[in-house]
Number of protein chains: 2
Amino acid sequence: MRRDIFQAIADPTRRAIIALIAVQAMTPNAIAENFNSTRQAVSKHLRILTECELVKQAHNGREIYYSLEIKKMKEIDQWLEQFRQIWETRFNQLDHVLTTIKKRKK
Amino acid sequence: MRRDIFQAIADPTRRAIIALIAVQAMTPNAIAENFNSTRQAVSKHLRILTECELVKQAHNGREIYYSLEIKKMKEIDQWLEQFRQIWETRFNQLDHVLTTIKKRKK
DNA sequence: AATATATGCAACCAAATGGTTTCTTATACT
DNA sequence: AGTATAAGAAACCATTTGGTTGCATATATT
């Protein structure tokens, strides 16, 4: 049961849910209306998203509004940071590194 | 067999592989030395990464150097773009939206 | 009080995942 | 030519995943 953000966003339905509630908090029923699967399936996705804290709940009577925990989304952004350095500064230099290795071996 | 970037980066070992070859192109054997699992396991990860074009190969004799396809990594960055707008401009407004809904229902 | 609605939880199931072991192929070394 | 090494492919296996159906619980509505 590895429950981290990366595993959470791996599923396309979950990414769609995230995109939905990013705009505005929604109840499980309202979210489920946007998909072909059952409410329970969506509920399970919400549970996974909640477990990794990508989503927060707000109870209102018998309804539960789910909304995105934007802070957590930033963690993906932070992970990308290390590669951003590469694609901004080095660009095609990876090929150079490769060429260097090849020459050294010959 | 959904083979997209998000599913590819879901696995921690694959993220580690990505981080490794981002710095410099490496052969499967060299990569496998950094992990506890067998070379074949790493090889399977490389296949998945190759299938979703996150990684490219460079053959050199019997060796195959794997390196990161930085362009593909940008796709994750692009997906984050929609949320970046939210966390930069709106910030705590999601809670406001929620409150609004609550009030409207009461 | 009785019924309807919103939600979560548990049991179950087929398919996918991550790993292993074994085998084959191709290139390098002696 | 014969052996060693690099790597991929296939078969197999336990576990996880995403989904379903059915049931329980709590809050609204009448």
Side-chain angles (χ1 to χ4, degrees), chain A residues 1-18 20-21 24-52 54-67 98 101-106, chain B residues 1-18 20-21 24-52 54-67 98 101-106:
Chain A
M1 219 185 296
R2 352 168 283 256
R3 213 120 273 185
D4 62 19
I5 348 166
F6 295 99
Q7 196 259 340
I9 63 165
D11 184 82
T13 305
R14 266 184 318 256
R15 284 201 301 282
I17 292 175
I18 289 172
L20 262 180
I21 63 173
Q24 134 163 10
M26 290 174 83
T27 64
N29 266 327
I31 296 168
E33 280 170 18
N34 295 276
F35 301 97
N36 291 329
S37 57
T38 59
R39 178 188 61 79
Q40 280 86 346
V42 171
S43 205
K44 273 181 102 175
H45 283 306
L46 285 170
R47 202 161 82 98
I48 290 167
L49 290 170
T50 307
E51 275 174 16
C52 72
L54 253 174
V55 144
K56 58 171 179 272
Q57 306 179 338
H59 294 258
N60 181 28
R62 66 180 162 179
E63 292 177 321
I64 300 175
Y65 283 86
Y66 285 88
S67 61
L98 184 60
I101 292 168
K102 276 186 183 171
K103 278 179 187 157
R104 214 171 40 209
K105 294 216 82 174
K106 272 173 189 164
Chain B
M1 219 185 297
R2 348 170 285 256
R3 212 120 273 185
D4 63 19
I5 350 166
F6 295 99
Q7 197 260 339
I9 62 164
D11 184 82
T13 306
R14 271 192 306 264
R15 285 201 301 282
I17 291 175
I18 288 172
L20 263 181
I21 63 173
Q24 131 166 11
M26 290 175 83
T27 64
N29 266 326
I31 296 167
E33 279 170 18
N34 295 275
F35 301 96
N36 291 329
S37 58
T38 59
R39 177 187 61 80
Q40 280 85 348
V42 171
S43 205
K44 274 180 100 175
H45 283 306
L46 285 170
R47 202 162 82 97
I48 290 168
L49 291 169
T50 308
E51 275 174 16
C52 72
L54 254 174
V55 145
K56 58 171 180 270
Q57 306 179 336
H59 294 258
N60 181 29
R62 66 181 162 179
E63 292 176 320
I64 301 175
Y65 282 87
Y66 285 87
S67 61
L98 184 60
I101 293 169
K102 277 188 184 170
K103 280 180 187 157
R104 211 170 43 209
K105 294 216 85 176
K106 271 173 190 166

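Throughout, a chain's letter reflects where its sequence line sits, starting with A, and its residues are numbered from 1. Not measured: the values here are computed from a predicted model.
- In this structure, CG of Asn36(B) is placed 14 Å from C1' of dT20(C), rounded to the nearest angstrom.
- Among the nucleotides dG8(D), dG8(C), dT20(D), the one closest to any side-chain atom of Gln57(A) is dG8(C).
- We find that CG of Asp11(A) is positioned 17 Å from P of dA15(C), with the value rounded to whole Å.
- The side chain of Tyr66(A) contributes no N or O atom lying less than 4.0 Å from OP1 or OP2 of dA6(C).
- At whole-Å resolution of the value, CG in Asp4(A) and P in dT16(D) are 14 Å apart.
- Rounded to a whole Å, the CD1 atom of Ile48(A) is 7 Å from the P atom of dT17(D).
- Across all strands, Arg39(A) comes closer than 4.0 Å to base atoms (heavy-atom distances).
- Nearest to the side chain of Arg14(A), among dT21(C), dG18(D), dG18(C), sits dG18(D).
- For the OP1/OP2 pair of dG8(D) and a distance below 4.0 Å, the side-chain nitrogens and oxygens of Ser43(B) include at least one atom meeting the criterion.
- Scanning both residues, Arg39(A) and Ala32(A), for their nearest heavy atoms gives CA-CB, 3.9 Å.
- When rounded to the nearest whole Å, the span between NE2 of His45(B) and P of dG8(D) equals 14 Å.
- Using a 4.0 Å cut-off, some side-chain N or O of Asn29(B) falls inside it from OP1 or OP2 of dA7(D).
- Between His59(B) and the phosphate of dA6(D), there is no side-chain N or O to OP1/OP2 separation shorter than 4.0 Å.
- In this structure, CD of Glu51(B) is placed 12 Å from P of dG18(C), rounded to the nearest angstrom.
- The side chain of Arg62(A) lies closest to dA6(C), out of dG18(D), dA6(C), dT20(D).
- Separating the CE atom of Met26(B) from the P atom of dA7(D) is a distance of 11 Å, rounded to the nearest angstrom.
- Distances shown here put a side-chain N or O of Arg3(A) below 4.0 Å from the OP1 or OP2 atom of dT17(D).
- Proximity note for Gln40(A) (side chain, C-beta onward) versus dG8(C), dG8(D), dG18(D): the nearest is dG8(C).
- Counting to the nearest Å, the C1' atom of dT25(C) and the CD atom of Glu63(B) are 16 Å from each other.
- At a threshold of 4.0 Å, the pair Lys44(B)-Asp11(B) does not count as salt-bridged, since none of the basic side-chain nitrogens sits closer than that to a carboxylate oxygen.
- Heavy-atom distances to DNA chain D give each of Gly61(A) and Lys44(A) a nearest nucleotide, and the one nearer the 5′ end belongs to Lys44(A).
- Here Ser37(A) does not reach the OP1 or OP2 of dG19(D): none of its side-chain N or O atoms lies under 4.0 Å away.
- Of the side-chain N and O atoms in Thr27(B), none sit less than 4.0 angstrom from OP1 or OP2 of dA6(D).
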